[in-house]
Amino acid sequence: MKFATWNVNSVRARIETVVAWLKETQPDVACFQEIKTTDDTFPRDAFEALGYNCAVHGQKSYNGVAILSKRPLEDVRAGLPEGDGDDHARYLEAQIPTGSGMVRVASIYAPNGNPPGTDRFAYKLNWLERLKRHATELLTYEEPLLLMGDYNIIPMPEDCYDPKAWVNDALYQPESRAAYRKLLNLGLTDAFRACHAEPHRYTFWDYQAGSWQKDHGIRIDHILLSPQAADLLQGSAIDRRVRAWEKPSDHVPIWADLTL
DNA sequence: ATGCCGACAGGATGTCGA
């Protein structure tokens, strides 16, 4: 099965691009972030016409996450635990039956957190702590699990074109990178890095300053696998070419192929 | 040091993104 994730930067503004990519890529499961719309205005019909079931955790104007699946979506849960006072739609998970068992998938849109030293940065770190605690719980299920989405974290210096350009940014703060390492240290595997050692492979290029043309990108969209999922990993890739399409998102899709 | 670009809500321009 092919599992993909993509920060689409508004699913309604991007619907033609997203549909074209789905037709071409044919993922079994697709997680979207920054859908920027509520559940009632999510373009469900366009995806159902392609044979997908949809789970949506939307929000007006900002954030919003969704999961599309060719197989049924079960045990759908919206929001991380300990969500009192958190009205951002940033997390959605579902269980999906496979031929032989079950796989669990989460669509994740971690907070940006800029600028550092503000309550926005504190919210980012707190949200990542909540994600870690929830991941710890999910790992006790000992089932194939994919935590996929926009983590808004540049894990390593080689995951950006120039670390010096990011030292003051929330995406590259030591605390942010430590939060990502803590997730890996639970026993999760970075699917892309498990398949590719080469530096400078990016999933995001800013719309500004000719970032795409100069290949000034960052790798911030990640697929994390439980041990049971990592054992089934066949390949992973970044759909870089999508950034050159007309009216692109500033992020591109990334996918992992598992023998499920 | 700052804007660059783009989506959104609303109906001008500020907020947010990363």
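The phosphate of B/dC8 (OP1 or OP2) has no side-chain N or O of A/Asn9 nearer than 4.0 angstrom. Regarding contacts with the backbone of B/dC8, a side-chain N or O of A/Ser10 is found under 4.0 angstrom from either OP1 or OP2. The phosphate of B/dA18 (OP1 or OP2) has no side-chain N or O of A/Asn114 nearer than 4.0 angstrom.
Backbone-only engagement by A/His251 is indicated by non-hydrogen atom pairs under 4.0 Å involving sugar-phosphate atoms exclusively. Using a 4.0 Å heavy-atom cutoff across all strands shown, A/Asp221 reaches no nucleic acid atom at all. A/Tyr151 comes within 4.0 angstrom of no nucleic acid atom, judged by non-hydrogen atoms across all strands. The residue A/Asp250 sits apart from the nucleic acid: no heavy atom pair falls under 4.0 Å. Among the protein residues, A/Asn63 comes within range of no part of the nucleic acid, since none of its heavy atoms lies under 4.0 Å from any strand.
A straight line from CD of A/Gln213 to C1' of B/dC5 spans 11 Å, rounded to a whole angstrom.
Only the P atoms considered, B/dT13 is 15 Å distant from B/dC4, to the nearest whole Å. For the P atoms, the distance linking B/dA1 with B/dA12 amounts to 36 Å, nearest Å. With both ends at atom P, the span from B/dT2 to B/dA7 equals 25 Å, rounded to whole Å. If you take atom C1' in B/dG14 and the same atom in B/dG10, they sit 11 Å apart, rounded to whole Å.
Relative orientation of the A/Phe47 and A/Phe42 rings is tilted, given thresholds of 30° and 60° on the angle between their planes.
No side-chain N or O of A/Thr38 forms a donor-acceptor pair with one of A/Gln59 less than 3.5 Å apart. Looking only at atom types and distance, the side chain of A/Ser226 has no donor-acceptor partner in the side chain of A/Glu143 under 3.5 Å away.
Heavy-atom neighbours of A/Gln213 CD from other residues, nucleotides or ligands within 6.0 Å: above the threshold of 12.
Side-chain proximity of A/Ala209 to the nucleotides B/dA7, B/dA18, B/dC4 is greatest for B/dC4. When distances run from any side-chain atom of A/Tyr207 to the nucleotides B/dC5, B/dA7, B/dA18, the shortest one goes to B/dC5. When the nucleotides B/dC4, B/dG10, B/dA18 are ranked by their closest atom to the side chain of A/Gln208, B/dC4 comes out on top. Here the side chain of A/Ala13 is nearest to one of B/dA7, B/dA9, B/dA18, namely B/dA7. Minimum atom distance to the side chain of A/Ile218 is reached by B/dA18, of the listed B/dA18, B/dC4, B/dC5. Comparing atom distances between the A/Ser61 side chain and each of B/dA9, B/dC4, B/dA18 picks out B/dA9 as nearest. The side chain of A/Tyr62 approaches B/dC16 more closely than any other nucleotide in the set B/dC16, B/dA18, B/dA7.
A donor-acceptor contact under 3.5 angstrom links the side-chain atoms of A/Asn112 to the base of B/dA18.
Exactly one residue among A/Arg177, A/His222, A/Arg193 makes a side chain to side chain donor-acceptor pair (under 3.5 Å) with A/Asp159. That residue is A/Arg193.
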